[in-house]
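Quick notes on the structure that follows.
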Amino acid sequence: MVKKITAVLIVDEVEPCSKFWVERMGFEEIAAVPDGDRIAFSMLKSGNTELMYQSLSSALKDTGAVAKADATWLHTKPVTLYIEVENLDKAIAAMQGAKVAMEQRTTFYGAKEFGVFDPAGHFIMFAEMAAAAA
């Protein structure tokens, strides 16, 4: 049985990505693994939500035999985060100044959505779900 799934996003630089979530969405960096004068890995948490970033150089070291056999998966598998929020307007305000990937829209099923790119270029979509019919 699956207990939890946490995204680990591979990036060139961890620091700007961690800062993005801490400053904009109130996440807390609960762990950071140094690699020389840089950060190799960062674990972020807000409530029950966790997100992790790992530098590409660190991921190549960690994956061992897999990376030696075929490291292209670390470079070619794009990631999109779809994040349900209580209030889309607050999420939009928190993302002020971030590169907009998708202007606000309302889907056919009633979700209001808005998307940005994180500092590493991952597409992040925020969604406020339509209220259930009474």
Side-chain angles (χ1 to χ4, degrees):
M1 207 58 170
V2 175
K3 185 174 178 182
K4 177 171 77 169
I5 295 176
T6 302
V8 180
L9 304 178
I10 305 300
V11 296
D12 291 327
E13 294 181 273
V14 171
E15 296 86 348
C17 297
S18 294
K19 182 178 177 183
F20 178 86
W21 290 100
V22 168
E23 291 182 357
R24 294 177 178 275
M25 298 301 286
F27 276 65
E28 178 185 359
E29 185 176 58
I30 60 173
V33 177
D35 184 16
D37 62 346
R38 306 302 311 243
I39 300 295
F41 177 85
S42 176
M43 182 184 298
L44 304 160
K45 187 170 177 91
S46 176
N48 291 326
T49 303
E50 286 184 353
L51 180 62
M52 300 176 191
Y53 280 95
Q54 185 171 11
S55 70
L56 177 59
S57 61
S58 171
L60 286 169
K61 292 175 195 172
D62 280 355
T63 56
V66 174
K68 288 177 185 158
D70 182 5
T72 59
W73 65 274
L74 287 171
H75 303 277
T76 60
K77 303 297 182 211
V79 172
T80 297
L81 297 178
Y82 188 86
I83 303 170
E84 186 176 334
V85 296
E86 290 182 16
N87 185 303
L88 187 64
D89 291 334
K90 287 183 180 179
I92 291 171
M95 292 297 121
Q96 189 70 33
K99 185 176 178 183
V100 174
M102 186 185 78
E103 295 293 335
Q104 183 176 341
R105 69 178 187 183
T106 301
T107 66
F108 70 91
Y109 48 89
K112 293 190 310 184
E113 300 175 334
F114 171 78
V116 298
F117 292 108
D118 76 0
H122 297 106
F123 178 55
I124 302 168
M125 185 182 299
F126 296 94
E128 179 182 333
M129 299 305 171

Reported CH2-to-CD1 distance for the pair Trp21 and Ile124, which is rounded to 0.5 angstrom: 4.0 Å
Quick one: pull up OG1 in Thr80 and CZ in Phe117 and give me the separation to the nearest 0.5 Å. 8.5 Å
To the nearest 0.5 Å, how far apart are CE in Met95 and CG in Leu88? 11.0 Å
Lys112 and salt bridge (charged side-chain N to carboxylate O under 4.0 Å, His left out): which partner among Glu128, Glu103, Glu86? Glu128
Between Glu15 (side chain) and Ile39 (backbone), is there a donor-acceptor pair under 3.5 Å? yes
Exercise: identify the closest heavy-atom pair between Ala40 and Asp35: CB-CB, 3.6 Å
Run through Gln54, Met52, His122 and flag the one making a side chain to side chain contact (heavy atoms under 4.5 Å, CB included) with Ile10. Gln54
Quick check: closest heavy atoms across Arg24 and Gly97, and the distance to 0.1 Å? NH2-C, 3.8 Å
Residues Ala130 and Gly110: closest non-hydrogen pair is CB-O, 3.3 Å
Same apolar cluster: Leu81 and Phe114, side chain cutoff 4.5 Å: yes
Does Val100 belong to the same Ile/Leu/Val/Met/Phe/Trp/Tyr cluster as Met25, with side-chain heavy atoms less than 4.5 Å apart forming each link? yes
Value rounded to 0.5 Å, distance of CG in Leu9 from OG in Ser55: 13.0 Å
Run the salt bridge (Lys or Arg N to Asp or Glu O under 4.0 Å) test against Lys45 and tell me which residues pass, sequence neighbours left out. Glu50
According to a 4.5 Å side-chain heavy-atom criterion applied to Ile, Leu, Val, Met, Phe, Trp and Tyr, with indirect links allowed, do Val22 and Ile83 form part of one hydrophobic cluster? yes
Closest heavy-atom pair and its distance - Pro119, Pro16: CG-O, 3.4 Å
Could you tell me whether the side chain of Phe126 reaches within less than 4.5 Å of the side chain of Val116, counting heavy atoms only? yes
Value for OG (Ser57) from CD (Glu13), rounded to nearest 0.5 Å, stands at 10.5 Å
Any donor-acceptor N/O pair, Arg105 side chain to Ala111 backbone, under 3.5 Å: no
With a 4.5 Å cut-off on side-chain heavy-atom distances among I, L, V, M, F, W and Y, is there a chain of contacts connecting Val85 to Leu44? yes
Is Asp12 atom CG crowded by more than 12 heavy atoms from other residues, nucleotides or ligands, each under 6.0 Å away? no
What is the distance from atom CD of Glu84 to atom CD of Glu113, rounded to the nearest 0.5 Å? 10.5 Å
Would you say Val11 ends up clustered with Phe123 if hydrophobic residues are merged whenever their side chains have heavy atoms under 4.5 Å apart, either directly or through other cluster members? no
